[in-house]
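Note on naming: letters A, B, ... go to the chains in the order of the sequence lines (proteins, then strands), and numbering restarts at 1 for each one.
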2 protein chains.
Amino acid sequence: MKLEEAIKSTKFKSEVHKAVLHILYTAWWLKTVGAKELKEFGLTHEQYNVLRILKGKHPEQMCVRDIASRMIEKSSNVPRIIDRLELKKLVKRNTSALDKRETVITITQGGIALLAASTLVMDEKMMKQFVLSEEEAVTLNVLLEKIREIA
Amino acid sequence: MKLEEAIKSTKFKSEVHKAVLHILYTAWWLKTVGAKELKEFGLTHEQYNVLRILKGKHPEQMCVRDIASRMIEKSSNVPRIIDRLELKKLVKRNTSALDKRETVITITQGGIALLAASTLVMDEKMMKQFVLSEEEAVTLNVLLEKIREIA
DNA sequence: TTTATATAAATGTATATACACGTATTTATT
DNA sequence: AATAAATACGTGTATATACATTTATATAAA
């Protein structure tokens, strides 16, 4: 569906203005499509993101601040997301021995298994479905980088 | 800041995969930059969006469903956003005479004034600051359209 | 006309976002 | 060593997201 139909709007102040709305809409669309797949695994987008971050360092532990710095949405409340993952026994929390202020998190075997299963589905049902070519994706990445270059 | 620094990640499965994360990150970044400006007016991004939608039809009224269909994030809970706008007397709610199930919303003079002031700031401090050219924005819009073309 | 179905909006609930603040602990300064 | 400043995390609050349910009203079908 074209952006114009999606938000029932045809007049934009400029192509740049349209692009801003387009990025916001596409992000929402991507999240929605992904969330639908993740729901079968009882995961939210953010919980999935935290699990992926932890898996990337496994078997090393990570502290909360470290996880937060890798989140896509920087204002995510990581302690609370970990609360939910801990309840489901997908991660384990421990106080750091070196610095008692730090809480170190480890992904459990259950977490690894659920992440593997959900990633498989996400890759098959989402990532592999995109029509966009690798070359087009490179261009897209360059342009997205550029929109954050503020004068 | 490059995406790699922003989310402290260097290895992506593909450029397409990177682009997906990039869109999500850029959307968050755009919302954050915009929200900072809107905060001075006591508005959230979503409240601003609803006011803009209402202004587009003014002096016509709009029902809740009509507003919802124009929202960027389709799962927005419009009645609740309107609750907040109504409390601040930026919009007015009335039951439709034709169909008593419908609630019709009108933007007030105060709403129009606040929207005008905040749009001025948003345009000056945000929209006009982008380095992206109109031609680049066209390409960006084409590619964003394409990423939603799922096989 | 009565009943069933559909529709519009509001409401409830769990989670997340955005941000301020509190508490414990560590590091730096005097 | 005592105090101050910084840091890490957790918690509180308002708003939003995502989605299910409820209530009122309108429309369709029996």
Side-chain angles (χ1 to χ4, degrees), chain A residues 24-25 27-51 61-88 90-91 93-105, chain B residues 24-25 27-51 61-69 71-88 90-105:
Chain A
L24 296 176
Y25 175 71
W28 171 81
W29 183 88
L30 286 168
K31 279 203 235 181
T32 302
V33 172
K36 211 182 70 187
E37 304 299 339
L38 291 174
K39 206 177 176 184
E40 292 183 54
F41 299 93
L43 290 174
T44 65
H45 215 276
E46 298 67 27
Q47 290 171 10
Y48 179 71
N49 197 14
V50 169
L51 286 181
Q61 297 179 320
M62 289 182 87
C63 67
V64 174
R65 184 183 44 79
D66 226 35
I67 296 170
S69 73
R70 286 170 165 78
M71 295 294 283
I72 294 173
E73 319 217 338
K74 297 304 170 193
S75 30
S76 294
N77 196 330
V78 177
R80 223 111 60 173
I81 297 171
I82 292 170
D83 284 348
R84 317 256 141 82
L85 291 172
E86 198 182 20
L87 272 171
K88 289 185 275 191
L90 302 173
V91 305
R93 240 197 266 245
N94 280 104
T95 304
S96 165
L98 286 106
D99 187 335
K100 284 178 193 163
R101 290 171 305 180
E102 279 187 358
T103 302
V104 287
I105 324 289
Chain B
L24 297 176
Y25 175 71
W28 171 81
W29 183 88
L30 285 168
K31 280 202 234 182
T32 303
V33 172
K36 212 182 68 186
E37 304 299 338
L38 291 174
K39 207 180 175 181
E40 293 182 52
F41 299 93
L43 290 175
T44 65
H45 215 276
E46 297 68 25
Q47 291 171 10
Y48 179 70
N49 198 14
V50 169
L51 286 182
Q61 298 180 320
M62 289 182 85
C63 69
V64 174
R65 186 182 42 78
D66 225 33
I67 296 170
S69 73
M71 294 294 283
I72 294 174
E73 319 219 337
K74 296 303 170 197
S75 29
S76 296
N77 197 328
V78 178
R80 223 110 59 171
I81 296 171
I82 292 169
D83 284 348
R84 318 256 140 80
L85 292 172
E86 198 182 21
L87 272 171
K88 290 185 274 191
L90 301 173
V91 304
K92 246 171 50 185
R93 239 197 270 244
N94 279 106
T95 303
S96 165
L98 286 108
D99 186 336
K100 284 178 194 165
R101 292 171 303 179
E102 278 187 359
T103 303
V104 287
I105 325 289

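Rounding to the nearest 0.5 Å gives a distance of 11.0 Å between CD1 of A/Ile105 and OG of A/Ser96. Of the inter-residue distances, the one linking B/Arg65 atom CZ with B/Arg101 atom CZ reads 9.0 Å to the nearest 0.5 angstrom. The CD1 atom of A/Ile82 sits 10.0 Å away from the CG atom of A/Leu51 when rounded to the nearest 0.5 Å.
Considering all non-hydrogen atoms of both residues, A/Ala27 and B/Leu24 come closest at O-CD2, 3.6 Å. Nearest approach of A/Met62 to A/Asp66, heavy atoms of both residues: CE-OD2, 3.7 Å.
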Under 3.5 Å, N/O pairs linking protein and nucleotides 26-28 of chain C:
from   : atom 1 : to       : atom 2 : distance (Å)
C/dT26 : OP1    : A/Lys100 : N      : 3.0

Are any protein N/O atoms closer than 3.5 Å to N/O atoms in nucleotides 1-3 of chain D? If there are, list each pair with its distance.
none

Check nucleotides 10-16 of chain D for protein N or O atoms closer than 3.5 Å to its own N or O atoms and list the pairs.
from   : atom 1 : to       : atom 2 : distance (Å)
D/dG10 : OP1    : A/Arg93  : NH1    : 2.8
D/dG10 : OP1    : A/Thr103 : OG1    : 3.4
D/dG10 : OP2    : A/Arg93  : NH1    : 3.3
D/dG12 : N7     : A/Arg80  : NH1    : 3.0
D/dG12 : O6     : A/Asn77  : ND2    : 3.3
D/dG12 : O6     : A/Arg80  : NH2    : 2.7
D/dT13 : O4     : A/Arg80  : NH2    : 2.9
D/dA16 : OP1    : B/Thr44  : OG1    : 2.4
D/dA16 : OP1    : B/Gln47  : NE2    : 3.2
D/dA16 : OP2    : B/Arg84  : NH1    : 2.9

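Of the possible donor and acceptor atoms, one in the side chain of B/Lys74 sits under 3.5 Å from a partner among the backbone N and O of B/Ser69.
Proximity of B/Leu85 to B/Glu46: side-chain heavy atoms (C-beta onward) are nowhere separated by under 4.5 Å. B/Val50 places a side-chain heavy atom less than 4.5 Å from the side chain of B/Met71.
Take A/Gln61 and apply the side-chain hydrogen bond (donor to acceptor under 3.5 Å, both in side chains) test, not counting sequence neighbours, and it matches A/Thr106.
For the segment residues 30-43 of chain A, the set of residues with a heavy atom within less than 4.0 Å of an atom of DNA chain D comprises A/Lys39, in numerical order.
Rounded to whole Å, the distance from CD on B/Glu102 to P on C/dA10 is 11 Å. Atom-to-atom, CE of A/Met62 to P of D/dC9 comes out at 11 Å; the value is rounded to the nearest Å. Remark: C1' of C/dA8 and CG of B/Asn94 are 16 Å apart, rounded to the nearest angstrom. When the C1' atom of C/dA10 is taken as reference, atom CG of B/Leu87 falls 15 Å away, rounded to whole Å.
With a 6.0 Å radius and a threshold of 12 heavy atoms from other residues, nucleotides or ligands, A/Lys88 has its NZ atom above the threshold.
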Between side-chain atoms of residues 30-43 of chain A and protein atoms elsewhere (two or more places apart, or another chain), which donor-acceptor pairs fall under 3.5 Å?
from    : atom 1 : to      : atom 2 : distance (Å)
A/Lys31 : NZ     : A/Glu73 : OE2    : 2.9
A/Thr32 : OG1    : A/Trp28 : O      : 2.8
A/Thr32 : OG1    : A/Trp28 : NE1    : 3.4

Derivation and outcome, side-chain contact (heavy atoms from CB on, under 4.5 Å), residues A/Ile81 and A/Ile67: CA-CA 11 Å; A/Ile81 297 171; A/Ile67 296 170; over 6 Å; no
